[in-house]
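In what follows, every chain begins at residue 1, and chains take the letters A, B, ... in the order their sequences are listed.
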Number of protein chains: 2
Amino acid sequence: MTQGRKSKREHLVETAQQLFYREGIKGTGIDTVLEHAGVAKRTLYNHFKSKDELVIATLQRRDQEFMAMLKAGVKKFESRQTGEPAFARVLAYFDAIEEWTTSKQFSGCMFINASAEYPRQDHPVHVICAMHKRLVIQYIEELMSGLTLADPHDLAVQLAVLTDGAIVNAHTTSNRNAAQVAKQIAVSLLTLHTQPAH
Amino acid sequence: MTQGRKSKREHLVETAQQLFYREGIKGTGIDTVLEHAGVAKRTLYNHFKSKDELVIATLQRRDQEFMAMLKAGVKKFESRQTGEPAFARVLAYFDAIEEWTTSKQFSGCMFINASAEYPRQDHPVHVICAMHKRLVIQYIEELMSGLTLADPHDLAVQLAVLTDGAIVNAHTTSNRNAAQVAKQIAVSLLTLHTQPAH
DNA sequence: CATTAAGTACACAGATCAGTATACATCAAT
DNA sequence: ATTGATGTATACTGATCTGTGTACTTAATG
């Protein structure tokens, strides 16, 4: 029971996650996952009763990983900002997004990609992706909690739309400036909504 | 050579386009396309030497169709706007996006979806999607040609990022307000960039 | 030592996949 | 009327896919 470093299950999910992200989910066969993980097929099907279950496990893992990456990025970049703390956190958030979208391994948002591969909105995979996006909005709302806003949720949704636009634009058109573009817009929005027009 | 209504080729592409859009490209087999089109397999492979070629043909068709839809939408909605014509056209553009994203058959952007299914940026399918996105930016730039702007291309990219964000958000989270959110942001940006701050 | 849990190796089922081969039908143009 | 292009029907290949069946190994635990 107690065994070296990682459980086989965890190792499978980690390997599958990388492959699904790089090659797409439907573009990656179970056998490919097993080869890369160096694990027997039976072991996989002892832990997951179908590929779909493995897919869902990878998305849940990615959700954890991504949120952690975001929070670490915000922490890292917010110190380099000046002015209102909540304002600085939002800017740091877009810096984190930029660092990610310009990184070497970047291949779009795993959840947006998965949603595209499973277009049906009632499919479990699609549902999980929607949940993740809702979590991100919630997180943005938390980042802005120090600001005085007419409708904080509304602004969080705006910033989330902006984020998704930047991610997709960066991936489809290989644009390395997408996140900066989004950040620039975010600054405009924040300025508008925190200092009333007159 | 001269035959009824539509050529078999055109019919195949139209049918494939619908299925690829609704069920995903890798989620749709050649046989499914043939069943729906009522065409023999040999006929398909006389017109296209591989599935990839058919996929590319559907994307090219979708590009034509989508741009036509946008232009028709702009024409339809711009008359309902007041004020500066170029400004009104951009608002009408977002109205067109909204009408699309809230329509019954909406299942995301076919090019974003295809990019996700073919994540490798050098894959022909991915390249075509990037080209389409560049065309959209160009079109937005044309819409704004009457406005006095410091950097028209820059603003067009911003609006394109906004558009993609709205489309993706609408699809993944089934949010019917996404396009309105984007439009609202667009208004802010246009106002900021057309009437200098002081 | 015996039991039990977890993993492995490997063959295999059954479906589906893209693409080909072959023989036949239709029909317009020469 | 013959030819040539286009399409059809059907069977088939070979690869790949998810998932299962089975017998063996390994190691921790009692």
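In summary, B:Glu14 and B:Arg61 engage in a salt bridge, as defined by a charged side-chain N under 4.0 Å from a carboxylate O. A salt bridge links B:Lys41 to B:Asp31: one of the charged nitrogens lies within less than 4.0 Å of a carboxylate oxygen. At a threshold of 4.0 Å, the pair A:Glu99-A:Lys76 counts as salt-bridged, since one of the basic side-chain nitrogens sits closer than that to a carboxylate oxygen.
When the C1' atom of C:dT20 is taken as reference, atom CG of B:Leu44 falls 13 Å away, rounded to whole Å. Summarising the geometry, the separation between NE2 on A:His11 and P on C:dG7 is reported as 13 Å, rounded to the nearest angstrom. The CG atom of B:Asn46 sits 14 Å away from the C1' atom of D:dG4 (whole-angstrom rounding). Distance OH (B:Tyr45) to C1' (D:dT10): 16 Å, rounded to an integer number of Å. When rounded to the nearest whole Å, the span between NZ of A:Lys8 and C1' of C:dA5 equals 14 Å. As rounded to whole Å, 11 Å separates atom P of C:dT16 from atom CD of B:Glu35.
By the 6.0 Å and 45° rule, B:Lys26 stacks over the aromatic ring of B:Tyr118. The cationic group of B:Lys71 does not satisfy the cation-pi geometry with B:Phe66, failing either the under 6.0 Å distance to the six-membered ring centre or the 45° limit from the ring axis.
Taking only distance into account, the side chain of A:Lys41 meets the base of D:dG19 through a donor-acceptor pair shorter than 3.5 Å. The base of C:dA21 lies close enough to the side chain of B:Arg42 for a donor and an acceptor atom to sit less than 3.5 Å apart.
Between B:Ser50 and A:Gly38, the residue anchored nearer the 5' end of DNA chain C, judged by the nucleotide with its closest heavy atom, is A:Gly38.
Of the candidate nucleotides C:dG19, D:dT8, D:dG19, D:dG19 has the atom lying nearest to any side-chain atom of A:Lys51.
Taking a 4.0 Å limit (strictly below) on heavy-atom distances, residues 24-31 of chain A reaches DNA chain D at A:Thr28, A:Gly29, A:Ile30, A:Asp31.
Ring planes of A:Trp100 and A:Phe106: perpendicular class, angle over 60° (limits at 30 and 60°).
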